[in-house]
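A short worksheet on the structure shown next.
Indexing begins at 1, ligand by ligand and atom by atom, following the structure's order. These numbers come from a predicted model, not from an experiment.
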Amino acid sequence: MSNKTLPIGIFDSGVGGLTVVAEVIKELPLEDVVYFGDIARTPYGSKSKETVIKFSREITHFLVDQGAKLIIIACNTASSVALDLLKGEFDRPIIGVIQAGVSTALQVTRNNRVGVIGTSTTIVSGSYVNELKRLNPNLTVISQACPLFVPLVEEGWVNHKVTTLVAEEYLSPLKDNKIDTLILGCTHYPFLKPIIQKVLGEGVVLVNSATEMARITRKTLKEEGLLREENSDVTYKFYLSDTSANFIKLGERLLGEKMRVITQRM
Ligand code: DGL
């Protein structure tokens, strides 16, 4: 079997990575996908760096065992703390979402004032700020952890007055600092786009890394000679470390078909 016909592996701490799966499937319709969602151990965003690295390593081994030819870390928290380490430990391309959000933000900003929001572990890691500043030292970057956003999205409160109040509180320093671009540095935040846009105003561009991530995946597969050119039986396999009705509901909404979900304890 040629390496080209092997699946793309994608993992996240839970359901949020489905936003990345949806974009990858749109951009690369001939690729098979194997996904791992760590439902049993989510959230990662409030856990220590060491713990997130340990979980990410275990999952990467699992996806490699499933034959993944390339691995996408869809989780911003895991990308922030584990990407560089894992790249050195595995013999296949591993890509994370940070690079995607950063390259889009750099193309979009006009006033060189960029905001970044993410989980506590992502923001404490400094991953976005460091990468943005490395590529453009003249940038002013304002970052803000928004730990309440993930549970609000998981509760389905994407259009709720409580979420608006929380968003006003978190986003006020970004607004005061006159950012013109905001990186949504967490898998769950694209669901809050309408509220965030309303709070910040139409003048601020919201960057969802998932779209750029899919483009980077295509480019990497092509460069590595791994891009699949034909596939008459595209398969998407979803492994979860615990059962989740929410995952299936969200998955069917985003991917629009019956999903094959397999429970896989870690
Ligand atoms: N997937 C995580 C991220 O993108 C959010 C959920 C969590 O904290 O595990 O950072």
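Residue, atom and distance of the protein heavy atom nearest to atom 10 (O) of ligand 1 are Thr77 OG1, 2.6 Å.
Contacts of Thr187 with ligand 1, taken as heavy-atom pairs under 4.0 Å, involve both backbone and side chain.
Using a 4.0 Å cut-off between charged nitrogen and carboxylate oxygen, Asp242 and Arg41 do not count as a salt-bridge pair. Between Glu27 and Arg218 there is a salt bridge, since a side-chain N of the basic residue sits under 4.0 Å from a carboxylate O of the acidic one.
Considering Ile71, Ile59, Ile94 as possible partners of Val64, the one that fulfils the side-chain contact (heavy atoms from CB on, under 4.5 Å) test is Ile71.
Residue Thr181 holds its OG1 atom at 10.0 Å from CG of Leu132, rounded to the nearest 0.5 Å.
A heavy-atom separation below 4.0 Å is not found between Gly16 and ligand 1.
Annotation: Phe149 is in aromatic contact with Tyr189 [ring centroid separation under 6.0 Å].
For ligand 1, the atoms closer than 4.0 angstrom to any heavy atom of Asp12 are 1 (N). Of all the atoms in ligand 1, the ones that sit under 4.0 Å from a non-hydrogen atom of Ser13 are 1 (N), 2 (C), 6 (C), 7 (C), 9 (O). Within ligand 1, the atoms closer than 4.0 Å to a non-hydrogen atom of Thr119 are 8 (O), 10 (O), numbered from 1 in the order shown. Atoms of ligand 1 lying under 4.0 Å from at least one heavy atom of Thr42, given by number and element, are 9 (O). Set against the non-hydrogen atoms of Gly45, the atoms of ligand 1 under 4.0 Å away are 7 (C), 8 (O), 9 (O).
With hydrogens and angles disregarded, no donor-acceptor distance shorter than 3.5 Å links the side chain of Thr42 to the backbone of Asp38.
The shortest N/O to N/O separation between Tyr44 and ligand 1 falls below 3.5 Å. Residue Asn76 has at least one N or O atom closer than 3.5 Å to an N or O atom of ligand 1.
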- Message: With side chain to side chain donor-acceptor pair (under 3.5 Å) as the criterion, how do Thr109 and Asp180 come out once you've worked through the C-alpha distance, each side chain's angles and the decisive distance to 0.1 Å?
- Response: CA-CA 6 Å; Thr109 183; Asp180 72 349; 2.8 Å; yes
